Amino acid sequence: MSRCWRASGLAWSVAVPGGDVTTETGMTRLAIEAGGHVRIGLEDHASDNRRPSNKILIEEVVAIAREYG
């Protein structure tokens, strides 16, 4: 996979509109590992499996980010 975006110096993020960025897709972990940002919030979240609050979504992303320091 090309990493040209790293050399650009631009900030970037992942989002999963209509899905679950924190638990079902693994995109949060991938973005943090690669130095990116994560867009979260109920406006993007749509999972048939769970209905978290914004607070829960934030806590999940914070917990994952803490694993990476």
Side-chain angles (χ1 to χ4, degrees):
M1 173 159 78
S2 173
R3 302 283 186 199
C4 65
W5 45 266
R6 285 187 180 175
S8 73
L10 296 172
W12 59 275
S13 64
V14 297
V16 182
D20 187 336
V21 74
T22 58
T23 62
E24 293 177 2
T25 64
M27 293 302 294
T28 295
R29 192 169 301 282
L30 291 172
I32 292 171
E33 285 176 356
H37 301 269
V38 181
R39 177 183 164 140
I40 56 172
L42 294 179
E43 69 278 6
D44 292 328
H45 187 88
S47 172
D48 291 333
N49 297 324
R50 63 191 201 114
R51 299 274 186 249
S53 65
N54 272 324
K55 181 181 183 229
I56 295 295
L57 292 172
I58 292 166
E59 290 171 348
E60 290 172 353
V61 172
V62 167
I64 292 168
R66 285 188 174 145
E67 291 176 21
Y68 293 93

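Just so you know, these numbers come straight off a predicted model, no measurement behind them.
Only one option out of Val21, Ile58, Val16 pairs with Val38 in a side-chain contact (heavy atoms from CB on, under 4.5 Å); it is Val21.
Clustering ILVMFWY residues whenever any of their side-chain heavy atoms sit less than 4.5 angstrom apart, transitively, puts Ile56 in a cluster other than the one holding Met27.
When all heavy atoms of Ala31 and His37 are compared, the pair lying nearest together is CB-O, 3.8 Å. Residue Leu57 comes nearest to Pro52 through the heavy atom pair CD2-CG, 3.6 Å, listed as atom of the first residue, atom of the second, then distance.
For the atom pair OG of Ser53 and CD of Glu59, the computed distance is 7.0 Å after rounding to the nearest 0.5 Å.
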Side-chain donor-acceptor pairs under 3.5 Å in residues 60-69, sequence neighbours left out?
residue: Glu60; atom: OE1; partner: Thr22; partner atom: OG1; Å: 2.6
residue: Glu60; atom: OE1; partner: Arg50; partner atom: NH2; Å: 2.7
residue: Glu60; atom: OE2; partner: Arg50; partner atom: NH1; Å: 2.8
residue: Glu60; atom: OE2; partner: Arg50; partner atom: NH2; Å: 3.4
residue: Glu67; atom: OE1; partner: Arg29; partner atom: NH1; Å: 2.7
residue: Tyr68; atom: OH; partner: Glu33; partner atom: OE2; Å: 2.6

